[in-house]
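Take a look at the structure set out below.
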Amino acid sequence: PVLPFELRVLAAANPRGLPEDPRLRLHRPAVVRRLAGRAGRAGARPAEAGEFTRRAFLNGKLDLAQAEAVADLIHSENESARITALQQMKGGFSKILSELRDELISFASLIELELDFSEEDVEFARRDDLIAMIRKILDFIVPLIDSFDRGNVIREGVRTVIAGKPNAGKSTLLNALLKEEKAIVSEIAGTTRDVIEDVIHMEGITLRFLDTAGLRETSDPVEAIGVSRSVEQMKKANLILYLVDLSVTEVNHVIQELDVIRSYGVPVIPVGNKMDLASEHVKRALEDSGFILISAKAQLNLDLSNFLR
């Protein structure tokens, strides 16, 4: 039949793109919906989620690492994750794995020959050569292992725990960074009893902030559970912002607390809060010890780049 409008139809019997199967592409939404309905009644069906990527993999257009990168790209939450996924889609990771595979096959072949002819007076490779091959393989493997944690951080975000004693201003800091009242703020110590989480995107990186219960000895069983969870979250974190109240701080005591936090093996950024209420002596002493001084309530020195410099 003659259509009373223009319809653009693109047919590809042997397309170069993905997937490689023949396909028909229609352009004009209202018409496409009607034709899709008729096509469905004739036995056609919509593509399933990820079907084009799956077909591209089955047709050899993408390898498994590249196919996984497509999903990473779709779900990327920040610029760093997007760039990493694109690099993997272009085959950068696959190239490294291919080279590693070749090295492993060469090494395994030589070892098998040595074992098969171990009783013969034949040497297929000198021991120095085998050691050199092992070192070359390690040069591939070690960076791959190290990149695992970095990859998780890029995809999932930097798990950043805000920790400190009750009333140090942890919830106030979280609210100030998020620019919303996410956490309850109160003068009563121990208000936060469970972990509160939210996300900030900054300069291509996702920071996943977790506000935790104040660290102290307590007889309250509910608060004690919160404190225990705080310690667990610190040990699982990628980064700890350790917050102290400068208005009631004893310098020597704070340094001892910081040593305990650092013993968890997680990078720690020490932060002195309520700088507008602190004495000059305390501020100078803690700045000399590497503390960043802020006032969450007065919105002083809260640029995130100060924490991540």
Worked verdict on D211 versus D198 for side chain to side chain contact (heavy atoms under 4.5 Å, CB included): CA-CA 9 Å; D211 179 23; D198 213 323; over 6 Å; no
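- For the atom pair CD of Q256 and NE2 of H253, the computed distance is 7.0 Å after rounding to the nearest 0.5 Å.
- When the options I292, L258, V251 are evaluated for a side-chain contact (heavy atoms from CB on, under 4.5 Å) with L286, the one that passes is V251.
- In terms of heavy atoms, G272 sits closest to F291 at N-CD2, 3.7 Å.
- V70 is not connected to I83 by any chain of hydrophobic side-chain contacts under 4.5 Å among Ile, Leu, Val, Met, Phe, Trp and Tyr, and they are in different clusters.
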Side chain to side chain contact (heavy atoms under 4.5 Å, CB included) assessment of I162 paired with V271: CA-CA 10 Å; I162 305 175; V271 181; over 6 Å; no
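- For G157 against N238, the heavy-atom pair with the smallest separation is O-OD1, 3.7 Å.
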Residues L277, L246; criterion side chain to side chain contact (heavy atoms under 4.5 Å, CB included); working and verdict: CA-CA 7 Å; L277 304 177; L246 295 176; over 6 Å; no
M234 and L215: CA distance, side-chain angles, deciding distance, side chain to side chain contact (heavy atoms under 4.5 Å, CB included) verdict: CA-CA 11 Å; M234 283 191 288; L215 302 173; 3.7 Å; yes
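- Nearest heavy-atom pair across S94 and Q66 is OG-CG, 3.9 Å.
- A distance of 10.5 Å separates CZ of R101 from OG of S106, quoted to the nearest 0.5 Å.
- The environment of CZ in R45 is crowded: more than 12 heavy-atom neighbours from other residues, nucleotides or ligands sit within 6.0 Å.
- Sorted by first and then second residue, the salt bridge (charged side-chain N to carboxylate O under 4.0 Å, His left out) pairs involving residues 67-80 (not counting sequence neighbours) are E77-R208, E79-R82.
- T84 contributes no side-chain N or O that, together with a main-chain N or O of A81, makes up a donor-acceptor pair within less than 3.5 Å.
- If you take OG on S228 and CD on Q233, they are separated by 10.5 Å, rounding to the nearest 0.5 Å.
- Cluster membership check: L64 does not share its hydrophobic cluster with L97, using side-chain heavy-atom separations under 4.5 Å among Ile, Leu, Val, Met, Phe, Trp and Tyr.
- If you chain together hydrophobic residues whose side chains sit under 4.5 Å apart, I111 and I105 never meet in one group.
- A pairwise comparison of heavy atoms in Y264 and V231 identifies OH-CG1, 3.8 Å as the closest pair.
- Between L144 and L100, the closest side-chain pair of non-hydrogen atoms falls below 4.5 Å.
- Residue-environment remark: CG (N252) stays at or below the threshold of 12 foreign heavy atoms within 6.0 Å.
- Considering every non-hydrogen atom in both G290 and P270, the closest pair reads O-CG, 3.6 Å.
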Quiz: residues 130-142 side-chain donor-acceptor pairs under 3.5 angstrom, not counting sequence neighbours:
| from | atom 1 | to | atom 2 | distance (Å) |
| --- | --- | --- | --- | --- |
| K136 | NZ | E103 | OE2 | 3.2 |

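- Counting heavy atoms from C-beta outward, E114 and R127 have side chains that approach closer than 4.5 Å.
- I255 and V282 fall within a single hydrophobic cluster, where Ile, Leu, Val, Met, Phe, Trp and Tyr are joined by side-chain heavy atoms under 4.5 Å apart, directly or via other members.
- Atom CD of E250 is surrounded by 12 or fewer heavy atoms from other residues, nucleotides or ligands within 6.0 Å.
- Annotation: side chain of N273 is not in contact with side chain of L173 (no heavy-atom distance under 4.5 Å).
- With rounding to the nearest 0.5 Å, the separation of CG in N175 from NZ in K170 is 12.5 Å.
- Without hydrogens or angle criteria, S76 side chain to L73 main chain gives a donor-acceptor distance under 3.5 Å.
- With rounding to the nearest 0.5 Å, the separation of CG in D63 from CZ in F57 is 8.0 Å.
- By the 4.5 Å heavy-atom criterion applied to side chains, K61 and R55 are not counted as neighbours.
- Checked against salt bridge (charged side-chain N to carboxylate O under 4.0 Å, His left out), D245 has the following partners two or more places apart in sequence or in another chain: K274.
- The nearest pair of heavy atoms linking T172 to A296 is CG2-CB, 3.7 Å.
- L113 and L115 fall within a single hydrophobic cluster, where Ile, Leu, Val, Met, Phe, Trp and Tyr side chains are chained together by heavy-atom contacts under 4.5 Å.
- With Q88 contributing its side chain and A65 its backbone, the two residues share a donor-acceptor pair below 3.5 Å.
- To the nearest 0.5 angstrom, I294 atom CD1 is 7.5 Å from L177 atom CG.
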Verdict with reasoning, K283 to E280, per salt bridge (charged side-chain N to carboxylate O under 4.0 Å, His left out): CA-CA 5 Å; K283 287 195 287 187; E280 291 301 320; 3.1 Å; yes
